[in-house]
Amino acid sequence: MRLHRNLVYTTIDALNAIFNEGEYADKVVARSLKKDKRWGSSDRKFVAETIYEIVRWKRLYAEIAEVKEPFDRDNLWRMFSVWAVLRGYPIPDWRQLEGTPERKIKGRFDELSKVRALKESIPDWMDELGVKELGEKVWATEITAQNQPAKVILRVNTLKTTREALRAILMDLNIETETLKNQPDALVLKERANVFLTDAFKQGFFEVQDANSQLVAAFLDVKPGMRVVDTCAGAGGKTLHIASLMENKGQLIAMDLYESKLKQLKIRAKRDGAFNIEYRIIDSTKIIKKLHEKADRVLIDAPCSGLGVLKRNPDAKWKLKPEFIDNIRKVQSEVLESYSKIVKPGGKLVYATCSILPSENQEQIARFLTTDIGKQFNFVKDQKILASESGFDGFYMALLERKENSEQKEKRVQKEIE
């Protein structure tokens, strides 16, 4: 087990881009992995995992190394040396790593690990917020779980294949998978692999999607032939799952504020063979008004803090700010009141976030149900999912049903019979 200079240099360059230039870790990692075509899978694995590890533990490593932001290259090397010592790598005879104080690093790690915000490598405000909203015990368990690297989960595209057929295809490529109980479309990779390079991915046999994210579309209770609206579709992970559950029958309207995201969704939908999707950019209130009381099902996959997916996006710990969460709560209230009007009487609405904070979840639903439009809905059920309990991402989803009078109910039932 030894360090290779070109891999470490690439890692340092990547950390500089993430910490000092504000780039997103996933984009930087993707770019870094293309740097040298001669690299094998173990080389790429080292680069990706090391970058994410140092991003995840940035505050702890910086405290141990006694460096402060903005980090110059010497600072980044000192943080890298902390990572190497704690991971048990022999320190090579390189100029940048001269004088690495191995015993001091281990001692400071033990000392600083007594303070949770340092041990879990999170900002103080985030630690305080977690305790305030979830309580000391739940938050302590949850933030530890959120610091575990995310597993790679596939969602089988049932428009094109079956779970068992895909498992067999991947097995032939030496990619082993496990099934999940009560999740018929999910496969968990036993070991990380670049599944995007496989023909199975290029042919649209699967998407990469967290196991708990896959629960959202199922929660919406869609059926073939319905009119369904995904109001915050983004690049469309959940939209594509809905399309497969609808078996391409009916109308699925994918909406978003950003045209660039819908363009990504179009590319993915073509690959997946999902052809019942219509795309609408929300560039005015007219787009929403035209759909008032027209949809059987509406998904509001609301913008949120993302505090349920830190294991997948560790750099969010450093990019997220308290004021953003305050603002996003207001946005959540607005989209709930606006987009809920799309649901027709007797139709259903799912409000979902990848946050674990009650103020973004249960409290938003409770507040919504007191508004004029909210009083037209019945609360059916909700589901709170913690990473510490599930082993996957943290999520929240609430199912609401729009009330209908006896005449509306009679018409709906008659239409369903026909």
Undergrad: On the 0 to 90° scale, with breaks at 30° and 60°, tag the F196-F201 ring pair as parallel, tilted or perpendicular.
TA: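 Ring orientation, 0 to 90° scale: perpendicular.
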
Undergrad: Can you tell me if D315 and Y24 form a side-chain donor-acceptor pair at under 3.5 Å?
TA: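 On atom types as modelled, these side chains do not qualify, holding no pair under 3.5 Å.
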
Undergrad: Evaluate side-chain contact (heavy atoms from CB on, under 4.5 Å) for D296 paired with K344, printing each intermediate quantity in order.
TA: CA-CA 6 Å; D296 299 291; K344 70 183 186 185; 2.7 Å; yes

Undergrad: Does the pair E337/R367 count as a salt bridge with the N-to-O cut at 4.0 Å?
TA: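 Looking at E337 and R367, the cut-off is met.
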
Undergrad: Are side-chain N/O atoms of D127 and W139 paired as donor and acceptor at under 3.5 Å?
TA: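 W139 and D127 do have a side-chain donor-acceptor pair below 3.5 Å.
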
Undergrad: Can a side-chain donor-acceptor contact be found between T158 and D185 if the only test is distance below 3.5 angstrom?
TA: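 Not at all, the side chains of D185 and T158 share no donor-acceptor pair under 3.5 Å.
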
Undergrad: Could you list the donor-acceptor pairs under 3.5 angstrom formed by side chains in residues 96-108, with sequence neighbours left out?
TA:
from	atom 1	to	atom 2	distance (Å)
Q96	NE2	Y9	OH	2.9
T100	OG1	L97	O	2.7
K104	NZ	E66	OE1	3.0
R108	NE	E63	O	3.4
R108	NE	I64	O	3.2
R108	NH2	E63	O	2.7

Undergrad: Quick check: F377 with F368 (ring centres under 6.0 Å apart)?
TA: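 Yes, ring centres under 6.0 Å apart.
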
Undergrad: I want to check a possible cation-pi pair here: K317 against W57, using under 6.0 Å from ring centre and within 45° of the ring axis as the test.
TA: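 Yes - K317 lies over the ring of W57, closer than 6.0 Å to its centre and within 45° of its axis.
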
Undergrad: Here's one to test your reading of the geometry: is the NZ or CZ of R312 within 45 degrees of the ring axis of F392 and under 6.0 Å from its centre?
TA: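 Judged by the rule (NZ or CZ under 6.0 Å from the ring centre, within 45° of its axis), R312 is not positioned above F392.
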
Undergrad: Are any of the side-chain heavy atoms of K319 and F324 separated by less than 4.5 Å?
TA: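 Counting from C-beta outward, K319 and F324 never come under 4.5 Å.
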
Undergrad: State which residues pass ring-ring contact (aromatic ring centres under 6.0 Å, His included) with Y52; sequence neighbours excluded, sorted by chain then number.
TA: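 For Y52 there are no ring-ring contact (aromatic ring centres under 6.0 Å, His included) partners, ignoring immediate neighbours.
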
Undergrad: Applying salt bridge (charged side-chain N to carboxylate O under 4.0 Å, His left out), name anything that partners E176, two or more places apart in sequence or on another chain.
TA: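 K190.
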
